[in-house]
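Hydrogens, waters and symmetry mates play no part in the numbers below; they use all other heavy atoms, side chains included. Chain A is the first sequence line, chain B the second, and so forth, proteins listed ahead of strands; every chain is numbered from 1. Only a predicted model underlies this, so the values are computations on that prediction, with no experimental measurement involved.
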2 protein chains.
Amino acid sequence: MGNHRSCCPISSSLDIFGDKWTLVIIRDFFAGKSLYSEFLDSPEKISTNILASRLKTLEKHGLIIEGKKSIKTGKKSYKLTKRGKSLYEVLDVMANWGLKNIKGTEKRISVPAP
Amino acid sequence: MGNHRSCCPISSSLDIFGDKWTLVIIRDFFAGKSLYSEFLDSPEKISTNILASRLKTLEKHGLIIEGKKSIKTGKKSYKLTKRGKSLYEVLDVMANWGLKNIKGTEKRISVPAP
DNA sequence: CAAATTACTTGCAATTCGATAGTAACTATA
DNA sequence: TATAGTTACTATCGAATTGCAAGTAATTTG
């Protein structure tokens with residue numbers, strides 16, 4: 001998957017998840033969500049086209065995998081791959097930074113270590 | 001500065017630096033850069049309008065401060081505030097993630113702890 | 001069978017991005 | 001002193017991305 005701007009691991013990481021939505025979706029995975037409709041329910045109110053395109057690129061980068069539709073519920077589920085789960089530390093440090101440095105933020109979604 | 005999408009510290013952090021460029025600039029600060037022209041020189045090749053606008057919002061959020069132009073060199077310099085320096089851990093964990101998970105990345109810019 | 005739900009796609013206007021060119025202020029060189 | 005160069009931007013404009021709303025196909029529930 002090599003068209004990153006430079007060989008810098010920081011800019012290359014940002015090439016994957018440097019936007020306003022991708023890590024919000026990953027956060028939701030850690031919070032236990034796995035269904036399209038569950039991601040839509042989050043307070044940030046992602047729109048359907050953005051969600052669909054982010055899920056696609058997350059899969060492309062091997063951070064999540066799509067499951068089949070459940071025969072019982074008719075719902076498709078997604079889950080984090082091992083690589084996706086390795087983003088835990090990134091989210092954790094960002095959450096702590098936000099809590100310390102942005103007023104009005106609060107710990108709400110418990111992000112259990114994977 | 002309160003118009004974040006939710007009270008989540010992760011999404012609120014992303015409201016500030018959730019894009020492809022902001023953390024690249026912060027990385028450069030940690031690498032010792034402080035001049036407009038130095039940021040332009042980075043291998044990612046940020047364009048001038050993006051750099052100027054990012055410096056502006058970084059200042060607005062209190063992560064950097066603008067210095068006056070030097071009378072000797074005619075150059076203006078920017079530097080990280082304490083709050084800006086507190087982003088060190090975020091960069092550090094992202095750099096490690098990239099090194100482990102994105103092939104072709106390499107440790108190049110030494111990021112000394114602030 | 002009709003209505004609802006789920007997971008999208010499509011269309012479109014508005015915003016943002018990125019490349020380039022231009023500019024104002026100053027500095028160094030001839 | 002005139003000229004060229006440097007610095008830190010701003011302006012412009014086409015391209016890409018975003019966000020909202022509406023539409024759709026495949027189930028699934030009443």
field: Within residues 12-20 of chain B: residues closer than 4.0 Å to DNA chain C (heavy atoms)
entry: none
query: Is there a donor-acceptor pair under 3.5 Å between the side chain of A:Thr81 and the backbone N or O of A:Gly84?
result: yes
message: Apply side chain to side chain donor-acceptor pair (under 3.5 Å) to residues B:Thr105 and A:Ser12 and explain how you reach the verdict.
response: CA-CA 7 Å; B:Thr105 60; A:Ser12 298; 5.9 Å; no
message: Between D:dT18 and A:Ser47, counting only base atoms on the nucleotide and side-chain atoms on the residue, is there a donor-acceptor pair under 3.5 Å?
response: no
query: What is the nucleic acid contact for B:Ser37, judged by heavy atoms within less than 4.0 Å: base, sugar-phosphate only, or nothing?
result: sugar-phosphate
- request: Please state how far atom NZ in B:Lys56 lies from atom C1' in D:dT10, giving the value in whole angstrom units.
  value: 8 Å
- request: Using whole Å, report how far NZ of B:Lys33 lies from P of D:dA8.
  value: 13 Å
message: Less than 3.5 Å apart, any donor N or O on the side chain of B:Ser37 or B:Lys75 sitting next to an acceptor on the other?
response: no
task: Rounded off to whole Å, could you give me the CD1-to-C1' distance for the A:Ile25 and C:dA7 pair?
output: 14 Å
- prompt: Quick one: A:Ile46 CD1 to C:dA7 P, roughly how many Å, whole number?
  reply: 14 Å
field: Nearest-0.5 Å distance, CD1 of residue A:Ile46 to CG of residue A:Leu40
entry: 7.5 Å
query: When you check the gap from the basic side-chain N to the acidic O, do B:Lys100 and A:Glu89 get nearer than 4.0 Å?
result: no
message: For a ring pair (Phe, Tyr, Trp, His ring centres under 6.0 Å) check, start with the C-alpha distance between A:Tyr78 and A:Tyr36, then their side-chain angles and the critical distance, and finish with the verdict.
response: CA-CA 8 Å; A:Tyr78 300 85; A:Tyr36 192 89; 7.4 Å; no
message: Any side-chain N or O of B:Lys75 below 4.0 angstrom from OP1/OP2 of D:dC9?
response: no
- prompt: Is there a side-chain contact between B:Arg27 and B:Glu44 (heavy atoms, below 4.5 Å)?
  reply: yes
Whole-Å distance separating the CD1 atom of B:Ile50 from the C1' atom of D:dA8: 16 Å
query: Given D:dG19, is OP1 or OP2 found less than 4.0 Å from the side-chain N or O atoms of A:Trp21?
result: yes
Below 4.0 Å: OP1/OP2 of D:dT6 and any side-chain N or O of B:Lys76: no
- prompt: For nucleotides 12-17 of chain D, read 5' to 3', which letter fits each nucleotide if B means a protein heavy atom sits under 4.0 Å from the base, S means only the sugar-phosphate is that close, and - means neither?
  reply: B-----
- line: From CD of A:Glu44 across to P of D:dG19 the rounded distance in Å is 12 Å
- prompt: How many Å lie between CG on B:Leu35 and P on C:dT27, as a whole number?
  reply: 15 Å
message: Does anything in residues 34-43 of chain A form a salt bridge (charged side-chain N to carboxylate O under 4.0 Å, His left out)? List the pairs, not counting sequence neighbours.
response: none
statement: Between CG of A:Leu51 and P of D:dC20 the distance, given in whole Å, is 14 Å
message: Tell me which one of B:Cys8, B:Ser13, B:Pro9, B:Cys7 satisfies side chain to side chain contact (heavy atoms under 4.5 Å, CB included) with A:Ile102.
response: B:Ser13
